[in-house]
There are 2 protein chains.
Amino acid sequence: MDKKSPIQITLTKRDEAVTITQWVYSTLRNAVMNGQILPGRALTIRELATILDVSPMPVREALRQLAAENALEIQGNRRVIVPKMTAMKFSELCEARINLESHAAARALPYIDNEKLAELIALDKEIDEAQDNGDLEQITIRNQRFHRRLYTANPHQVTLPLIESLWLQLGPFMKLANSRLKEHYTIDRHNEALEAITKKDALALQMAIASDIREGFAFAGTPELLYNFIEQAAADAI
Amino acid sequence: MDKKSPIQITLTKRDEAVTITQWVYSTLRNAVMNGQILPGRALTIRELATILDVSPMPVREALRQLAAENALEIQGNRRVIVPKMTAMKFSELCEARINLESHAAARALPYIDNEKLAELIALDKEIDEAQDNGDLEQITIRNQRFHRRLYTANPHQVTLPLIESLWLQLGPFMKLANSRLKEHYTIDRHNEALEAITKKDALALQMAIASDIREGFAFAGTPELLYNFIEQAAADAI
DNA sequence: TACCACGAAATGTGATCACAAATAAATAAA
DNA sequence: TTTATTTATTTGTGATCACATTTCGTGGTA
């Protein structure tokens with residue numbers, strides 16, 4: 001593995017209303033989320049500043065924020081890297097997701113009225129559309145939007161930032177997990193969740209969310225499969 | 001409530017080996033944790049820099065990091081404040097703690113050998129000592145150390161940062177919660193937890209942790225009690 | 001060939017400065 | 001006295017620079 005492998009970051013137009021730091025932050029966040037940066041690859045402030053065509057200052061702030069969200073890792077030597085994934089860590093992240101997200105879903109349930117339910121149904125339909133088009137990126141985005149909308153139905157909710165941190169750490173795997181949706185579409189977990197919501201059945205909702213997450217990551221059920229995927233993802237990233 | 005109420009931050013000696021940013025970070029973190037900064041009070045970079053006798057730069061970085069950990073809140077106007085607590089939010093934070101920490105405990109259980117168990121027993125004894133001395137600050141610190149040691153027994157654990165974020169948001173309430181330990185010492189939940197560990201009983205361990213957390217915050221069982229405490233804490237902070 | 005030492009380049013940290021936006025203060029109008 | 005409006009001050013953002021530490025490349029030694 002080349003230590004100086006080139007970093008290919010998708011650049012989006014910068015909105016003038018947003019600060020440079022925020023733009024850099026979301027740009028780097030997407031890069032991590034899409035697996036565009038190799039795990040273990042050292043990220044230097046000046047290099048990123050050059051790539052993004054900004055001064056080092058906003059990059060510093062964005063890196064520190066991402067590190068605080070566990071998306072990046074600050075090593076003892078003060079180097080910043082994308083954390084390396086292991087089979088065990090992957091497993092822990094999945095279990096944490098299942099635990100936290102079914103909790104968040106159950107806590108949101110009492111707040112979901114007909115209007116919000118309709119909104120969720122609409123979001124689910126959008127996922128299906130992206131599914132039909134085979135648009136992986138949109139599937140991931142819309143799937144996250146569905147979950148986010150569900151959890152934030154609870155106006156006092158405090159777990160979404162924690163959940164997003166887990167999503168961020170799962171990063172590139174999220175995309176692949178969502179692509180697997182069609183492979184187990186025989187059991188549509190989102191529909192199950194929506195049914196549970198209409199019945200106000202908290203336990204059924206938790207089960208649906210848990211299954212949704214678990215089945216999505218079933219591809220990495222064994223350490224061998226996960227290892228193969230990590231290797232493949234690394235190869236794709238180059 | 002005075003908008004320009006003075007900020008009283010406990011200053012500790014700066015270790016030369018540590019960066020200024022890290023020192024500022026932990027100093028501010030403690031200030032938040034101890035409720036030394038009033039919720040809603042605007043924190044300005046330059047003011048803190050003056051108080052801490054450093055340049056604005058390390059303060060900027062520390063504030064951003066604390067905001068990423070949900071310890072501080074960046075408002076739309078780019079002002080940084082300590083988030084205000086509400087009864088509902090408090091309730092959500094407690095439930096999130098119970099959920100996440102019992103999960104973390106159960107996941108750590110398989111990794112706890114006799115050596116680690118002995119360590120936990122020793123830590124528990126230290127809590128009792130602080131309890132006898134009535135040293136509130138030490139009780140909090142050692143209590144957190146006990147929980148942290150338990151969860152980190154799992155070498156692949158990923159939830160501790162999330163748990164610490166919740167601790168940080170609960171902030172000043174943690175201290176009071178721990179002071180309540182003696183009031184329900186008839187049922188020592190840590191002992192219950194240690195027993196469950198020796199029996200390798202995951203469910204019992206989860207129950208013990210859940211009870212430990214729940215009973216600690218029982219003082220804020222009703223919105224009225226919580227409201228009273230918030231008012232009192234605000235008065236004390238001045 | 002493998003290992004170590006030394007010098008050069010690169011990097012993170014922190015300070016200072018400029019500027020635009022936001023807040024606070026002061027003045028004018030009702 | 002209260003409310004608008006203008007002016008003055010403060011504040012966050014971002015750029016640039018200096019310095020100590022780390023990393024890397026080169027050459028020499030076992």
Side-chain angles (χ1 to χ4, degrees), chain A residues 1-7 9 11 13-29 37-38 40-68 71-83, chain B residues 1-7 9 11 13-29 37-38 40-68 71-83:
Chain A
M1 188 169 65
D2 197 347
K3 278 202 170 183
K4 281 279 179 179
S5 59
I7 297 178
I9 296 178
L11 298 176
K13 187 79 177 177
R14 178 168 78 224
D15 183 357
E16 296 292 334
V18 118
T19 64
I20 297 181
T21 301
Q22 286 170 323
W23 177 77
V24 171
Y25 167 76
S26 54
T27 302
L28 291 179
R29 190 183 202 275
I37 304 173
L38 247 60
R41 170 71 152 82
L43 297 178
T44 67
I45 295 174
R46 285 175 174 85
E47 182 187 12
L48 291 174
T50 306
I51 293 174
L52 301 176
D53 193 31
V54 296
S55 92
M57 188 64 49
V59 177
R60 272 168 71 171
E61 306 231 331
L63 286 182
R64 186 167 291 274
Q65 188 171 344
L66 286 165
L72 298 176
E73 184 183 326
I74 301 180
Q75 300 189 125
N77 42 358
R78 294 171 183 179
R79 267 282 159 79
V80 174
I81 64 167
V82 177
Chain B
M1 187 169 66
D2 198 347
K3 274 202 172 185
K4 279 278 179 181
S5 58
I7 297 178
I9 295 177
L11 297 176
K13 187 79 179 177
R14 179 166 76 224
D15 184 357
E16 297 291 335
V18 116
T19 63
I20 296 180
T21 301
Q22 285 171 323
W23 176 78
V24 171
Y25 166 77
S26 54
T27 302
L28 291 179
R29 190 183 201 277
I37 306 173
L38 247 60
R41 171 70 153 83
L43 297 178
T44 67
I45 295 174
R46 285 174 173 88
E47 182 187 13
L48 291 174
T50 306
I51 294 174
L52 301 176
D53 193 31
V54 296
S55 90
M57 189 63 50
V59 178
R60 270 169 73 170
E61 307 230 332
L63 286 182
R64 187 166 291 273
Q65 188 171 345
L66 286 165
L72 299 176
E73 185 183 326
I74 303 180
Q75 301 187 128
N77 42 357
R78 294 172 184 178
R79 267 279 160 81
V80 174
I81 64 167
V82 177

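This one's a predicted model, so the numbers in the text were calculated from it and none came from an experiment. A, B, ... follow the sequence lines: proteins, then strands. Residue 1 opens every chain.
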*asked:* Without decimals, in angstroms, what is the distance between R79(B) CZ and dA21(C) P?
replied: 16 Å
*Take atom CD of Q75(A) and atom P of dT13(C), then tell me their distance rounded to the nearest Å.*
13 Å
*Give the rounded distance in Å between these two atoms: CD1 of I81(A) and P of dT11(C).*
16 Å
*Could you give me the CA-CA distance, side-chain angles and deciding distance for L48(A) and I9(A), then say whether side chain to side chain contact (heavy atoms under 4.5 Å, CB included) is met?*
CA-CA 9 Å; L48(A) 291 174; I9(A) 296 178; 4.0 Å; yes
*Nearest-Å distance for atom pair CZ/P, residues R41(B) and dT11(D)*: 10 Å
_Given dA15(D), dG12(C), dT23(C), the nucleotide with the shortest approach to the side chain of I45(A)_ = dG12(C)
*Dump the intermediate steps for side chain to side chain contact (heavy atoms under 4.5 Å, CB included) on R60(B) and R60(A), then the final yes or no.*
CA-CA 11 Å; R60(B) 270 169 73 170; R60(A) 272 168 71 171; over 6 Å; no
*Give me the one residue out of V59(A), L28(A), L66(A), I37(A) that meets side-chain contact (heavy atoms from CB on, under 4.5 Å) with L43(A).*
I37(A)
_Whole-Å distance separating the CE atom of M57(B) from the C1' atom of dG12(C)_ = 12 Å
_Tell me if the CG atom of D53(A) is crowded by more than 12 foreign heavy atoms within 6.0 Å._
no
*asked:* Considering every strand and a 4.0 Å limit on heavy-atom distances, what is the contact class for L63(A): base, sugar-phosphate, or nothing?
replied: nothing
*Please assess T44(B) against R79(B) for the test side chain to side chain contact (heavy atoms under 4.5 Å, CB included), listing each intermediate value before the final yes or no.*
CA-CA 7 Å; T44(B) 67; R79(B) 267 279 160 81; 4.2 Å; yes
*Within less than 4.0 Å of OP1 or OP2 of dT16(D), is there a side-chain N or O belonging to S55(A)?*
no
_Measuring to OP1 and OP2 of dT23(C), would you say a side-chain N or O of N77(B) lies under 4.0 angstrom away?_
yes
_Nucleotide dT13(D), atom P - distance to CD of E61(B) in whole Å_ = 12 Å
*Separation of atom CD1 in I74(B) from atom C1' in dT11(D), rounded to whole Å*: 14 Å
*Any T19(A) side-chain nitrogen or oxygen under 4.0 Å from OP1 or OP2 of dT13(D)*: no
*What nucleic acid atoms does R60(B) come within less than 4.0 Å of, heavy atoms only: base, sugar-phosphate, or nothing?*
base
*Check: dG12(C) base within 3.5 Å donor-acceptor of R46(A) side chain*: yes
*Name the pairing partner of dT23(D), where a pair is Watson-Crick or G-U wobble with both distances under 3.5 Å, or state none.*
dA8(C)
*asked:* Tell me the interatomic distance from Q65(A), atom CD, to dT13(D), atom C1', rounded to whole angstroms.
replied: 14 Å
*Indicate, with a heavy-atom threshold strictly under 4.0 Å, whether R78(B) touches base, sugar-phosphate, or nothing.*
sugar-phosphate
